[in-house]
Novice: 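Pasting in a structure now, in structure tokens, and then I'll have a few things to ask.
These numbers come from a predicted model, not from an experiment.
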2 protein chains.
Amino acid sequence: MESVSTPEVAAGAMTPRQLARERTKRELLSVARRHLREVGPAALSLRAIARECGLVSSAVYRYFESRDALLTVLILEAYDDLGVHAEAAERLVDRGDLGQRFARTAQEMRAWALKNPHQYALIYGSPVPGYAAPQITVPSAARVGTVLFGILGDAYASGVRPLVTPALREAGGAVSQLQRDYCPEIPEPVVALGVESWVRLHGAISFEVFGQFNQMVASPGDLYAFIIDEELARLGFGGGAESDGGTP
Amino acid sequence: MESVSTPEVAAGAMTPRQLARERTKRELLSVARRHLREVGPAALSLRAIARECGLVSSAVYRYFESRDALLTVLILEAYDDLGVHAEAAERLVDRGDLGQRFARTAQEMRAWALKNPHQYALIYGSPVPGYAAPQITVPSAARVGTVLFGILGDAYASGVRPLVTPALREAGGAVSQLQRDYCPEIPEPVVALGVESWVRLHGAISFEVFGQFNQMVASPGDLYAFIIDEELARLGFGGGAESDGGTP
DNA sequence: ACCATTGAGAGAGCACCGCTCTCTCAATAC
DNA sequence: GTATTGAGAGAGCGGTGCTCTCTCAATGGT
């Protein structure tokens with residue numbers, strides 16, 4: 001239950017060979033994880049990982065079918081790690097405080113991305129050329145989203161009704177599959193609203209992580225805080241909405 | 001005035017050698033452009049480009065200092081191409097119709113990205129590991145932004161005053177450098193508002209281009225249209241804002 | 001017109017990459 | 001005790017970016 005790809009129950013009854021295999025695989029993954037953290041997905045070298053583990057490159061193929069298979073494991077881990085952090089952060093908030101639950105989750109997403117930029121790039125950056133994410137990653141990928149949409153669901157259940165414009169109603173049709181699969185208890189337009197929040201948060205996070213703000217935004221944290229603030233207002237969670245006219 | 005890196009005035013007085021050099025460089029870039037379009041930035045191979053031009057790999061170094069230098073040229077071209085398209089699209093709209101000018105620009109950004117996904121990834125995707133964009137790219141990179149902020153400037157000049165919350169005023173400080181450099185005629189909070197629109201549009205575009213919507217959003221165009229609609233309302237350009245309570 | 005210089009391109013080579021195939025040899029199963 | 005399995009090594013293939021040396025024609029100066 002500890003590592004993603006530990007084959008069986010990790011029981012005590014294991015032959016020395018199985019045990020050694022386990023140990024080697026764990027070490028390979030650990031080194032791979034560190035390399036990913038240091039050089040990023042594109043520069044991740046199977047040979048370099050093997051070298052550091054005292055193995056020759058061909059030996060790695062006893063453990064991973066290909067470089068892509070290794071990447072898949074790292075992707076799974078990244079999704080799950082982000083999910084775990086988001087879940088943990090959200091759990092600390094009073095269940096009734098919907099705005100704070102949303103805000104804390106969003107803040108944790110950004111914090112995780114900044115602490116793990118290469119992992120973030122791996123799962124939310126431009127796709128690796130030859131690589132297509134296998135279906136196995138879907139549940140892990142959905143994990144963070146589940147937290148956010150869980151909050152939206154609770155909000156809807158407790159009577160929160162965000163503003164729905166005709167254009168939003170139109171956009172609702174685009175997310176019907178998502179709504180069916182993940183949050184059938186919320187009407188489509190509200191799901192669309194949530195997807196939009198999702199998109200916006202990641203827009204801000206990826207711009208910051210990928211350096212698009214470099215000579216442009218001095219303190220992305222402030223901007224992000226404002227974005228969250230606006231999302232809260234838009235979703236009907238209550239947030240700063242009073243105007244002062246916009247004069248400098 | 002035609003190609004980005006044509007050294008001189010492209011005048012008629014050129015020795016055969018200079019002419020041949022020009023021609024070869026143009027051909028290299030043309031092939032590189034096509035390869036970029038086909039395989040993406042990560043898989044762009046200097047050797048493959050040389051091969052197709054009937055050259056050996058080392059000969060390419062007479063024209064480009066390194067693969068990164070070639071990438072830089074392609075980045076410049078991508079920024080400029082996006083800028084040209086945005087400018088052209090915006091110019092077709094009645095100057096007084098601020099909302100339509102903004103909407104058309106935003107639509108054109110998405111259209112360009114969908115038509116040139118690899119170019120989009122090159123300039124807005126996860127950064128290439130060893131590569132750091134040189135300062136030369138800044139003006140070209142600013143080009144699209146200039147269109148959007150030009151509209152914001154015109155709007156502000158004609159009396160449009162978007163809603164400014166305290167949190168937005170706070171966020172304004174984060175963009176003071178950008179405001180000084182590019183749009184000193186607009187107050188900081190409004191600039192921050194514009195940056196946010198910028199971030200959101202790119203959030204939606206990159207999610208669509210990078211495939212994050214694959215099993216999630218059926219028609220990203222509808223969602224994008226709604227996002228634009230919301231931006232218009234938020235920026236004070238007039239847009240759908242009437243509510244119907246959000247019941248399904 | 002001749003000669004020295006310049007520069008485009010070829011070629012070999014270096015270190016790296018992912019991946020495949022064969023071989024060895026110890027741990028395992030019978 | 002023997003046959004089988006499987007982890008790892010090693011060589012090798014074709015690919016990459018990049019460097020260095022060499023050739024040789026176009027060029028510029030006298």
Side-chain angles (χ1 to χ4, degrees), chain A residues 5-8 11 13-29 31-32 35-36 38-75 122 128-132, chain B residues 5 7-8 11 13-29 31-32 35-36 38-75 122 127-132:
Chain A
S5 53
T6 304
E8 291 308 316
M14 265 196 172
T15 74
R17 197 175 247 179
Q18 283 175 317
L19 215 116
R21 185 179 172 83
E22 273 304 292
R23 196 162 31 84
T24 306
K25 184 161 191 173
R26 228 192 307 275
E27 191 191 347
L28 278 170
L29 267 176
V31 171
H35 280 210
L36 171 62
E38 286 165 1
V39 302
L44 195 72
S45 158
L46 218 139
R47 288 181 112 109
I49 295 166
R51 211 178 299 132
E52 191 166 318
C53 291
L55 288 182
V56 85
S57 75
S58 60
V60 180
Y61 288 84
R62 299 278 177 197
Y63 298 90
F64 300 98
E65 203 181 21
S66 66
R67 183 180 175 276
D68 281 359
L70 174 58
L71 265 186
T72 299
V73 176
L74 294 175
I75 286 175
L122 186 61
V128 187
Y131 180 80
Chain B
S5 53
E8 291 310 316
M14 265 196 172
T15 74
R17 195 176 250 180
Q18 283 175 316
L19 217 115
R21 184 179 173 83
E22 274 303 292
R23 196 161 32 82
T24 307
K25 184 161 190 173
R26 228 192 306 275
E27 192 191 348
L28 279 170
L29 267 176
V31 172
H35 280 209
L36 171 61
E38 286 166 2
V39 302
L44 195 72
S45 158
L46 218 139
R47 288 180 111 111
I49 295 166
R51 210 178 298 133
E52 191 166 319
C53 291
L55 288 182
V56 85
S57 74
S58 60
V60 181
Y61 289 84
R62 299 279 176 197
Y63 298 90
F64 301 98
E65 203 181 22
S66 65
R67 183 180 176 276
D68 281 0
L70 174 58
L71 265 186
T72 299
V73 177
L74 294 175
I75 286 174
L122 186 61
V128 187
Y131 180 79

Novice: Can you name the residues that form a side chain to side chain contact (heavy atoms under 4.5 Å, CB included) with A:Leu46, not counting sequence neighbours?
Specialist: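 Applying side chain to side chain contact (heavy atoms under 4.5 Å, CB included) to A:Leu46 gives A:Val60, A:Tyr61, A:Arg67.
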
Novice: Out of curiosity, B:Arg26 CZ to B:Tyr63 OH, how far, rounded to the nearest 0.5 Å?
Specialist: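 So the gap between those two atoms works out to 11.5 Å.
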
Novice: Using a 4.5 Å cut-off on heavy atoms from C-beta on, say whether the side chain of A:Cys53 contacts that of A:Thr24.
Specialist: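 Of all side-chain heavy-atom pairs linking A:Cys53 with A:Thr24, none is under 4.5 Å.
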
Novice: So does A:Glu38 have more than 12 non-hydrogen atoms from other groups sitting under 6.0 Å from CD?
Specialist: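 Atom CD in A:Glu38 is packed in, count exceeds 12.
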
Novice: Shoot me the first and last contacting nucleotide of DNA chain C against chain B, ordered 5' to 3', at under 4.0 angstrom to non-hydrogen atoms.
Specialist: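 Result: C:dT6 to C:dG13.
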
Novice: To the closest 0.5 Å, what do you measure between CG (B:Leu122) and CD1 (B:Ile75)?
Specialist: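 So the gap between those two atoms works out to 4.5 Å.
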
Novice: Between the two ends of the helix from C:dA1-D:dT30 to C:dC30-D:dG1, what is the bend in degrees, rounded to 10 degrees, where each end axis spans five pairs?
Specialist: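 One end axis against the other gives 0°.
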
Novice: How about A:Ile49 and A:Leu70: do any of their side-chain heavy atoms sit closer than 4.5 Å?
Specialist: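 Heavy-atom side-chain distance check passes, below 4.5 Å.
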
Novice: Using heavy atoms to find the nearest nucleotide of DNA chain C for B:Val56 and A:Arg62 separately, return the residue whose nucleotide is more 5′.
Specialist: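 Nearest-nucleotide comparison on DNA chain C picks B:Val56.
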
Novice: Measuring only between side-chain heavy atoms, which start at C-beta, is B:Leu29 closer than 4.5 Å to B:Phe64?
Specialist: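 Counting from C-beta outward, B:Leu29 and B:Phe64 do come under 4.5 Å.
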
Novice: Each nucleotide in nucleotides 11-18 of chain D should get exactly one letter: B, S or -. Can you fill that in based on protein heavy atoms under 4.0 Å?
Specialist: -B---BBB

Novice: Of all residues at least two apart in sequence or in a different chain, which pass the side-chain hydrogen bond (donor to acceptor under 3.5 Å, both in side chains) check with A:Thr72?
Specialist: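 side-chain hydrogen bond (donor to acceptor under 3.5 Å, both in side chains) list for A:Thr72, sorted by chain: A:Tyr131.
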
Novice: If I take atom CZ in residue B:Phe64 and atom P in nucleotide D:dT19, what distance separates them, rounded to the nearest angstrom?
Specialist: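 Atom CZ in B:Phe64 sits about 16 Å away from atom P in D:dT19.
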
Novice: Could you name each residue pair satisfying salt bridge (Lys or Arg N to Asp or Glu O under 4.0 Å) that touches residues 50-64 of chain B, not counting sequence neighbours?
Specialist: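 Pairs touching residues 50-64 of chain B that pass the test: B:Arg34-B:Glu52.
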
Novice: To check you understand the geometry: which heavy-atom pair defines the closest contact between B:Ala50 and B:Ser57, and what is its length?
Specialist: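 For B:Ala50 versus B:Ser57, the nearest heavy atoms are CB-CA, 3.9 Å.
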
